[in-house]
A.B. asks: 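One structure, as structure tokens, below. Some questions next.
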Amino acid sequence: SSWGISKKFKPVTIGSTLGATTPQDFSYAARALKPYSPVHLSGSRSGGDLTINWIRRTRIGGDWRDAVDVPLSEESERYEVDIMQGVTLKRTITGLTSPTALYTAAQQVADFGSVQSSIEVNVYQLSAAVGRG
């Protein structure tokens, strides 16, 4: 409930007092609630189409006890993938519910004019509470 609200805090160190401390502005950005970024991105091609895969991480209960996957720790498993050209966003692939995305040859031609030999991507796990991780 306090996300984005600016508050004044007075940090006090050992040997100092509250009266001798200057107030500091702070806005809680809920970074501790954002999902960790996915890891181990990989890609494979089939007929010009690019399949992008990754492994998700978790903030809660990250012990890998079943040797299959870590707990989700979100309401649902959702992702977005940004296709980049340097700092320019070319396309966002949305509606992903598993750790894989398909970037078709037709999409590459629409975005770049031809099928690309390499693609730069940003993958985000989504949180219902705070959005992109």
Side-chain angles (χ1 to χ4, degrees):
S1 65
S2 18
W3 298 342
I5 298 172
S6 182
K7 294 184 178 184
K8 299 271 188 198
F9 288 89
K10 289 183 120 185
V12 180
T13 61
I14 295 174
S16 185
T17 66
L18 198 58
T21 303
T22 304
Q24 303 291 317
D25 288 321
F26 176 79
S27 294
Y28 178 59
R31 280 190 223 137
L33 298 177
K34 290 186 175 193
Y36 289 141
S37 60
V39 295
H40 305 297
L41 275 69
S42 64
S44 60
R45 289 209 179 262
S46 175
D49 293 349
L50 174 64
T51 300
I52 306 160
N53 297 296
W54 57 87
I55 296 174
R56 67 174 169 79
R57 297 188 298 161
T58 187
R59 282 195 174 273
I60 301 169
D63 294 334
W64 190 41
R65 295 180 184 189
D66 63 3
V68 176
D69 211 348
V70 293
L72 182 58
S73 77
E74 295 294 335
E75 284 184 20
S76 61
E77 189 169 5
R78 298 181 310 131
Y79 303 94
E80 289 183 349
V81 175
D82 285 348
I83 307 296
M84 305 298 293
Q85 182 178 35
V87 297
T88 304
L89 174 66
K90 299 301 276 186
R91 176 182 299 268
T92 299
I93 303 171
T94 61
L96 303 171
T97 58
S98 64
T100 188
L102 179 64
Y103 187 40
T104 67
Q107 290 171 325
Q108 293 172 56
V109 170
D111 295 343
F112 295 98
S114 65
V115 172
Q116 299 296 289
S117 61
S118 65
I119 300 288
E120 182 181 337
V121 299
N122 295 324
V123 179
Y124 302 93
Q125 185 172 352
L126 303 179
S127 163
V130 294
R132 283 182 163 189

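All values derive from a computational prediction rather than experimental measurement.
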A.B. asks: Supply the atom-to-atom distance Gln116 CD to Gln85 CD, rounded to the nearest 0.5 angstrom.
C.D. replies: 7.0 Å
A.B. asks: Less than 4.5 Å apart, any side-chain heavy atom of Ile83 and any of Gln107?
C.D. replies: no
A.B. asks: Are Asp111 and Tyr103 side-chain neighbours, meaning at least one heavy-atom pair lies under 4.5 Å?
C.D. replies: yes
A.B. asks: Using a 3.5 Å distance criterion without hydrogens, assess whether the side chain of Thr13 forms a donor-acceptor pair with backbone atoms of Ser16.
C.D. replies: no
A.B. asks: Under 4.5 Å between any side-chain heavy atoms of Glu77 and Thr97, yes or no?
C.D. replies: no
A.B. asks: Let me confirm one number: the CD1-OH distance from Ile93 to Tyr79, rounded to the nearest 0.5 Å.
C.D. replies: 14.5 Å
A.B. asks: What is the minimum heavy-atom distance between Val123 and Leu41, and which atoms define it?
C.D. replies: CG2-CD2, 3.5 Å
A.B. asks: Out of curiosity, does Phe112 fall in the hydrophobic cluster containing Ile52 (side-chain heavy atoms, cut-off under 4.5 Å, transitive links)?
C.D. replies: yes
A.B. asks: Main chain of Leu18, side chain of Lys10: is a donor-acceptor contact present, judged purely on distance under 3.5 Å?
C.D. replies: yes
A.B. asks: Can you see which heavy atom on Ile119 is nearest to which on Val121, and at what distance?
C.D. replies: CG2-CG1, 3.6 Å
A.B. asks: Flag yes if Leu50 and Tyr124 sit in one hydrophobic cluster, no otherwise; membership is Ile, Leu, Val, Met, Phe, Trp, Tyr, and two members link when side-chain heavy atoms are under 4.5 Å apart.
C.D. replies: no
A.B. asks: Is the backbone of Met84 close enough, under 3.5 Å, to the side chain of Thr88 for a donor and an acceptor to pair up by distance?
C.D. replies: no
A.B. asks: Could you tell me whether a side-chain N or O of Ser114 sits under 3.5 Å from a main-chain N or O of Val109, the two making a donor and an acceptor?
C.D. replies: no
A.B. asks: Using 0.5 Å steps for rounding, measure from the CG atom of Asn53 to the NE2 atom of His40.
C.D. replies: 13.0 Å
A.B. asks: Kindly indicate whether the side chain of Lys8, heavy atoms from C-beta on, has any atom under 4.5 Å from the side chain of Asp25.
C.D. replies: yes
A.B. asks: Ignoring hydrogens, what is the shortest heavy-atom contact between Thr17 and Thr21? Give both atom names and the distance.
C.D. replies: O-OG1, 2.9 Å
A.B. asks: Heavy atoms, side chains only, cut-off 4.5 Å: are Ile55 and Pro99 in contact?
C.D. replies: no
A.B. asks: If you compare all heavy atoms of Gly48 against all heavy atoms of Gln108, which two are closest, and at what distance to 0.1 Å?
C.D. replies: O-NE2, 2.9 Å
A.B. asks: Do you know which two heavy atoms are closest between Leu126 and Pro35, and how far apart they sit?
C.D. replies: C-CG, 4.0 Å
A.B. asks: Between Asp49 and Ala105, is there a donor-acceptor pair closer than 3.5 Å when you use the side chain of the first and the backbone of the second?
C.D. replies: yes
